[in-house]
Amino acid sequence: MYQTPLPPEYAALSDQEAHDRIQAAKRALGDKVVVLGHHYQRDEIIAHADYRGDSYKLAKDAQRHPDAQAIVFCGVHFMAESADILTPDHQAVILPNLAAGCSMADMANLFQVKKCWSELASVTDVSRIVPVTYINSAANLKGFVGEHGGTVCTSTNAPAAVSWALGRGDKVLFFPDQHLGRNSGVRLGFDPVRDMVVWDPFKPLGGNTPERIREAKFLLWKGHCSVHARFTVAQIAAARAKHPNVRVLVHPECALEVVQAADLNGSTEFILKSVEAATPGSAWAIGTEINLVSRLAKEHPDQTIVCLDEQICPCSTMYRIHPSFLCWAMENLAEGRIVNRVQVPERTAVFARLALEQMLRVA
Ligand code: 13P
Ligand code: SF4
């Protein structure tokens, strides 16, 4: 599915016009619509959200209004797919701009994962490997995982999900984010060198020897988030030098050395809760997407809150949910037309649901 160009009247809206028209459409729709906003969305979108949260929380919030006709998901494509899988068929999940994807999710596809699985089968017993996919992945990968007895995880529950998986097999194949996989394993006490190998989908056997694959506990897909990969240990040192008593708080999609040099790490919801619980005068250097960091700084003027990367790093795909797109989707809905519905075919959804439900059971 591709995004069609917006009708010119929407592209030309001023910020205020877009705001007022979204609000008017929302009022007209009443209980028929629920608007979800991921923390990385810009303020002009968050202003309309009934619920805001990280991907774990929003997957649960999507299920809170089974009578609503539509869920408008202001986030990225994999989040809308997950919401569709977890909600009844009569609810339409709408992504205001279909071009809002995730570059990390695109780093693993079903063809590559199936190829990886059959290559693994040539050197080890795959019935002892439990696949774990980060929620940042296409629905058909969640389906693969569900079909092979694995689970989806989010940044909120990744260590618990990995621990669950290791209770059911000898190894975990973790995709698509190597960093979240590595950080979760290290948090559980595993050694990032001895116990882990990286699987490069463009090399035979992922670039590993059969012996290393057999020894490893973690097979980590060679994927990353282009936003969180920008944070460095040098930035942490600079933040500590510039702001005495600063606490460094990063997302676990950052590299292991960054997570280890930080004071705290956790999902976007964890980052938000940590700042909310802090006392006035606290200072934070935060390694995550800039829209969340800027909002936290605005909402907590009694604390010093800066982004770890002074060059600023928005998630360019989250940013594609522009108010003009939201306005277009909401006004069409108010007039009885569903645009940009994200619908996962049932043959995929049936296994993906198993893996997502397992994710929701692992807190
Ligand atoms: P959260 O699970 O923290 O919402 O992260 C989603 C995401 O895309 C982070 O880059
Ligand atoms: Fe994907 Fe990274 Fe953007 Fe999150 S911040 S949606 S992982 S590209």
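In listed order, ligands and their atoms are each counted from 1. Numbers here simply count residues along the sequence, with the first being 1.
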For this session: Determine, using ring centers only, whether Trp117 and His148 are less than 6.0 Å apart.
Result: yes
Exercise. Are side-chain N/O atoms of Gln3 and Asn340 paired as donor and acceptor at under 3.5 Å?
Worked result: yes
Exercise. Of all the atoms in ligand 1, which lie at a distance below 4.0 Å from a heavy atom belonging to Asp54?
Worked result: 1 (P), 3 (O), 4 (O)
For this session: Enumerate the atoms of ligand 1 whose separation from the nearest heavy atom of Ser55 is less than 4.0 angstrom.
Result: 1 (P), 2 (O), 4 (O), 6 (C)
Problem set entry | Residues, nucleotides or ligands: over 12 heavy atoms within 6.0 Å of Tyr319 OH | no
Problem set entry | Sub-4.5 Å side-chain heavy-atom contact between Ile129 and Val172 | no
Exercise. Considering only protein heavy atoms, which is closest to atom 9 (C) of ligand 1, and at what distance to one decimal place?
Worked result: Glu253 OE2, 3.0 Å
Exercise. Heavy-atom contacts under 4.0 Å between Tyr40 and ligand 1: side chain, backbone, both, or neither?
Worked result: side chain
For this session: Specify whether Phe190 and Phe218 have parallel, tilted or perpendicular ring planes, treating 30° as the upper limit for parallel and 60° as the lower limit for perpendicular.
Result: perpendicular
For this session: Determine whether the side chain, the backbone, both or neither of His251 has a heavy atom under 4.0 Å from any heavy atom of ligand 1.
Result: side chain
For this session: Record the part of Phe270 in heavy-atom contact with ligand 1 below 4.0 Å; permitted values are side chain, backbone, both and neither.
Result: neither
For this session: Check each heavy atom of Glu269 against ligand 1 and say whether those closer than 4.0 Å belong to the side chain, the backbone, both or neither.
Result: neither
For this session: Within a distance under 4.0 Å of any heavy atom of His228, pick out the atoms of ligand 1 and give their elements.
Result: 10 (O)
Exercise. Is any side-chain N of the basic residue among Glu269 and Lys273 closer than 4.0 Å to the acidic one's carboxylate O?
Worked result: yes
Problem set entry | Side chain, backbone, both or neither: Glu289 near ligand 1, heavy atoms under 4.0 Å | neither
Exercise. Near atom 2 (Fe) of ligand 2, which protein N/O/S atoms are found at less than 2.8 Å?
Worked result: Cys225 SG
Exercise. So which bit of Met104 gets within less than 4.0 Å of ligand 1, heavy atoms only: side chain, backbone, both or neither?
Worked result: neither
Problem set entry | NZ/NE/NH1/NH2 to OD/OE distance under 4.0 Å, Arg128 and Asp170 | yes
Problem set entry | Near-ring test His179/Phe231, centroid separation under 6.0 angstrom | no
For this session: Check whether any heavy atom of His38 sits under 4.0 Å from an atom of ligand 1.
Result: yes
Exercise. Salt bridge between Arg42 and Glu44, side-chain N to carboxylate O under 4.0 Å?
Worked result: no
For this session: Among Cys225, Ser184, Ser155, Cys102, find the residue that satisfies the side chain to side chain contact (heavy atoms under 4.5 Å, CB included) test when tested with Tyr134.
Result: Ser155
For this session: Please report which non-hydrogen protein atom sits nearest to atom 8 (O) of ligand 1, along with the residue it belongs to and the distance in Å to one decimal place.
Result: Asn136 ND2, 3.1 Å
Problem set entry | No-hydrogen, no-angle side-chain donor-acceptor test under 3.5 Å, Asp54 and Thr156 | yes
Exercise. Salt bridge check: are Glu289 and Arg295 linked by an N-O gap of less than 4.0 Å?
Worked result: no
